[in-house]
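A quick write-up on the structure given underneath.
Chain letters run A, B, ... following the sequence lines, proteins first and then strands; every chain starts at 1.
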2 protein chains.
Amino acid sequence: MPKSPAPLYEQIRQLIVAALAAGEWRPGDALPSEAALAERFHASSGTVRRALDELTAEHLVERRQGRGTFVATHTAPRNSYRFLRLVADDGESGFTRELLHCRRARATAETARALQLRTAEPVIEVRRLLLRRAEPVVLDDLWLPERHFDGLNAAVIDAYPGTLYALFEERFGVHMVRAEEKLRAVAAGTDAAALLRVTAGEPLLSVDRVAYTYGDRPVELRRGLYHTQADHYRNELN
Amino acid sequence: MPKSPAPLYEQIRQLIVAALAAGEWRPGDALPSEAALAERFHASSGTVRRALDELTAEHLVERRQGRGTFVATHTAPRNSYRFLRLVADDGESGFTRELLHCRRARATAETARALQLRTAEPVIEVRRLLLRRAEPVVLDDLWLPERHFDGLNAAVIDAYPGTLYALFEERFGVHMVRAEEKLRAVAAGTDAAALLRVTAGEPLLSVDRVAYTYGDRPVELRRGLYHTQADHYRNELN
DNA sequence: GAGTGGTCTAGACCACGTA
DNA sequence: ACGTGGTCTAGACCACTCA
């Protein structure tokens with residue numbers, strides 16, 4: 001409970017986020033100009049600018065001089081694999097994808113907790129591989145609440161040319177804003193070992209991710225196993 | 001080569017960083033007020049404020065309303081283990097330390113490249129353990145250019161109550177600003193296994209870090225092995 | 001040329017910490 | 001009471017994009 005009311009730029013920031021969550025502007029769309037937003041929110045353009053600067057830092061919008069302010073989108077080429085920190089030791093960063101399955105399931109207690117669902121609520125379960133130069137390097141398992149991704153199936157995924165997050169955004173209106181990851185070193189189980197073409201027991205980097213959409217609502221649980229023989233997870237600390 | 005000159009707030013930011021690097025204000029010290037800096041740099045206070053806001057975002061300074069602007073320091077309690085992302089699964093984040101050795105050595109080709117030294121230049125090599133509830137969870141190996149850390153030895157480290165980065169800052173005037181890490185899953189070798197009390201071959205999280213001081217100058221190479229049985233490496237993606 | 005965001009200024013007023 | 005940073009405003013001018 002804040003003692004004093006939030007500053008005006010913060011209130012405006014929250015109003016814009018609410019409008020984004022409500023779909024008033026879709027990813028890729030232009031927002032109104034600073035001056036128009038200033039009139040709408042009864043504030044000066046400097047205050048609106050401050051709100052938009054915060055949203056830019058959060059990667060919710062992108063501003064381009066002379067063009068306007070646009071809702072950030074995972075469909076932009078510069079945003080593909082935005083949340084995947086795995087890069088080859090030689091710098092290469094492209095992948096090919098191979099879908100293993102996509103099926104309906106029931107949320108386990110753990111999945112339900114992460115996604116703020118009730119246990120046994122319907123979810124969609126996806127398993128896929130990412131390969132670099134025909135070598136599998138990532139085995140991903142995803143769980144998605146079915147109520148946000150109704151109609152998602154293997155055919156839809158296979159037909160889509162971009163990343164999963166671009167697909168979620170374009171077809172289901174779910175834009176991923178941020179994510180939290182927990183990393184561990186684990187020994188490969190027999191099934192993962194076979195799929196990643198390593199021997200069972202070999203060390204793999206386990207990456208548990210919860211991804212959030214507007215308003216900090218969790219909408220994806222993902223468990224990745226990364227083969228870090230010739231790749232590494234790159235991180236910057238500030 | 002920038003076509004147009006950098007904006008004034010950026011020039012001022014760089015001048016302040018240069019002053020920090022030159023030691024004009026030491027960690028924990030107060031910087032001059034906005035008004036004083038505005039006069040010094042012949043700019044408006046709004047422009048100086050913008051420069052200081054950027055430095056705040058980079059964690060180079062901290063601003064406190066009513067008090068002033070202060071040079072960030074690793075000796076502040078809230079900054080201890082600022083670059084260590086390992087947390088226990090139950091949330092606990094404290095450690096005890098155990099120094100294993102601290103000795104002079106010569107830079108290997110790899111160390112020299114990371115620290116921008118010549119091969120065989122003198123470095124100081126440190127090995128230590130971090131323990132949680134008497135259980136070892138981190139084995140760290142550090143390499144430091146001797147010319148920045150002359151006089152560092154086991155007695156100095158053992159006598160110091162704070163973190164290594166606080167020690168480096170207080171005793172050697174080297175403030176770590178940011179770091180880059182490369183993470184991998186590896187199998188424990190016999191020596192690491194013994195020190196971390198695991199069986200050889202067990203998966204460990206390998207964390208290679210290069211830490212930088214003001215002006216992006218690399219001053220520490222660190223290789224950590226994390227036992228991620230009851231701990232995980234926490235990361236936020238934006 | 002019109003419209004957009006980016007920079008820079010000057011100044012008012014508020015909130016906080018110290019004395 | 002005073003000095004600090006935090007918020008908010010109004011407006012000038014510049015840089016870029018597109019028709």
Side-chain angles (χ1 to χ4, degrees), chain A residues 1-16 19-20 24-25 27-73 76-78, chain B residues 1-16 19-20 24-25 27-73 76-78:
Chain A
M1 207 79 66
K3 293 181 177 183
S4 43
L8 186 52
Y9 67 83
E10 173 60 21
Q11 297 177 39
I12 292 173
R13 188 196 134 269
Q14 289 173 16
L15 289 169
I16 295 173
L20 288 168
E24 180 168 346
W25 314 292
D29 286 358
L31 269 69
S33 69
E34 278 181 16
L37 289 170
E39 188 171 0
R40 166 164 169 175
F41 295 120
H42 309 294
S44 75
S45 68
T47 302
V48 168
R49 157 168 288 275
R50 169 101 190 236
L52 290 173
D53 282 346
E54 311 255 329
L55 293 170
T56 302
E58 296 175 72
H59 299 110
L60 293 198
V61 304
E62 294 174 7
R63 316 198 74 187
R64 271 169 288 173
Q65 187 172 110
R67 305 241 303 123
T69 304
F70 300 85
V71 183
T73 170
R78 57 177 296 290
Chain B
M1 204 82 62
K3 293 180 178 185
S4 42
L8 187 53
Y9 67 81
E10 173 59 21
Q11 297 177 40
I12 292 173
R13 189 195 132 271
Q14 289 174 16
L15 288 169
I16 294 173
L20 288 168
E24 178 166 348
W25 313 291
D29 285 358
L31 268 69
S33 70
E34 278 182 16
L37 289 170
E39 189 171 0
R40 166 165 169 174
F41 296 120
H42 309 294
S44 75
S45 68
T47 302
V48 168
R49 158 168 288 274
R50 168 103 190 233
L52 291 172
D53 283 347
E54 312 255 328
L55 292 170
T56 302
E58 297 174 73
H59 300 108
L60 293 199
V61 305
E62 294 175 7
R63 316 198 74 188
R64 271 169 288 174
Q65 187 172 106
R67 305 244 301 125
T69 304
F70 300 84
V71 183
T73 171
R78 56 178 296 289

Phosphate-side-chain proximity, B:Arg64 and D:dT4, N/O vs OP1/OP2 below 4.0 Å: no
Side-chain N or O of A:Arg63 closer than 4.0 Å to phosphate OP1/OP2 of C:dT4: no
Between D:dT4 (P) and B:Glu39 (CD): distance, integer Å: 12 Å
B:Asp53 CG - C:dC8 C1' separation (whole Å): 15 Å
Listed nucleotide nearest any side-chain atom of A:Gln65, set D:dG5, C:dT9, C:dG5: C:dG5
A:Tyr9 and its side chain to side chain donor-acceptor pair (under 3.5 Å) partner, picked from A:Arg49, A:Arg50, A:Glu54: A:Arg50
Considering all heavy atoms, the nearest B:Trp25-B:Ala30 contact: CD1-O, 4.2 Å
C:dC16 phosphate, OP1 or OP2, under 4.0 Å from B:Arg67 side-chain N/O: no
Length of the line joining A:Gln11:CD and D:dT7:P, which is rounded to integer Å: 12 Å
Canonical and wobble pairing (Watson-Crick, G-U, under 3.5 Å) of DNA chain C, dot-bracket with |: ||||||||||||||||||.
Any B:Tyr9 side-chain N or O less than 4.0 Å from OP1/OP2 of C:dT7: yes
Nearest-Å distance for atom pair CD/C1', residues A:Glu10 and D:dC8: 15 Å
Below 4.0 Å: OP1/OP2 of C:dG3 and any side-chain N or O of A:Ser33: no
For A:Leu52 against A:Val61, the heavy-atom pair lying closest together: O-CG2, 4.0 Å
Sugar-phosphate only, base, or nothing, as touched by B:Arg49 at under 4.0 Å among non-hydrogen atoms: base
Which residue lies more 5' along DNA chain D, comparing B:Gly66 with A:Thr47 via nearest heavy atoms: B:Gly66
Nearest non-hydrogen partners of A:Pro27 and A:Thr73, listed with the distance: CB-CB, 3.7 Å
Residue-phosphate contact under 4.0 Å: A:Thr69 side-chain N/O, C:dT4 OP1/OP2: no
Protein-nucleotide distance (B:Glu34, atom CD; C:dT9, atom P), rounded to Å: 13 Å
Under 4.0 angstrom between A:Ser45 side-chain N/O and D:dA10 OP1 or OP2: no
Whole-Å distance separating the CD1 atom of B:Ile12 from the C1' atom of C:dT7: 12 Å
Closest heavy-atom pair and its distance - A:Ala72, A:His59: CB-O, 3.2 Å
Heavy-atom neighbours of B:Glu39 CD exceed 12 at 6.0 Å: no
Sugar-phosphate only, base, or nothing, as touched by A:Ala35 at under 4.0 Å among non-hydrogen atoms: nothing
Atom of A:Ala43, atom of A:Ile12 and distance for their closest heavy-atom approach: CB-CD1, 3.8 Å
Gap between atom CZ of B:Arg13 and atom CG of B:Leu60 - 0.5 Å precision: 7.5 Å
Out of D:dT7, D:dC8, C:dT7, whichever nucleotide has its closest atom nearest the side chain of A:Arg50: D:dT7
Separation of D:dT9 P from A:Phe41 CZ (nearest whole Å): 13 Å
Length of the CG-P vector between A:Leu52 and C:dT7, whole Å: 14 Å
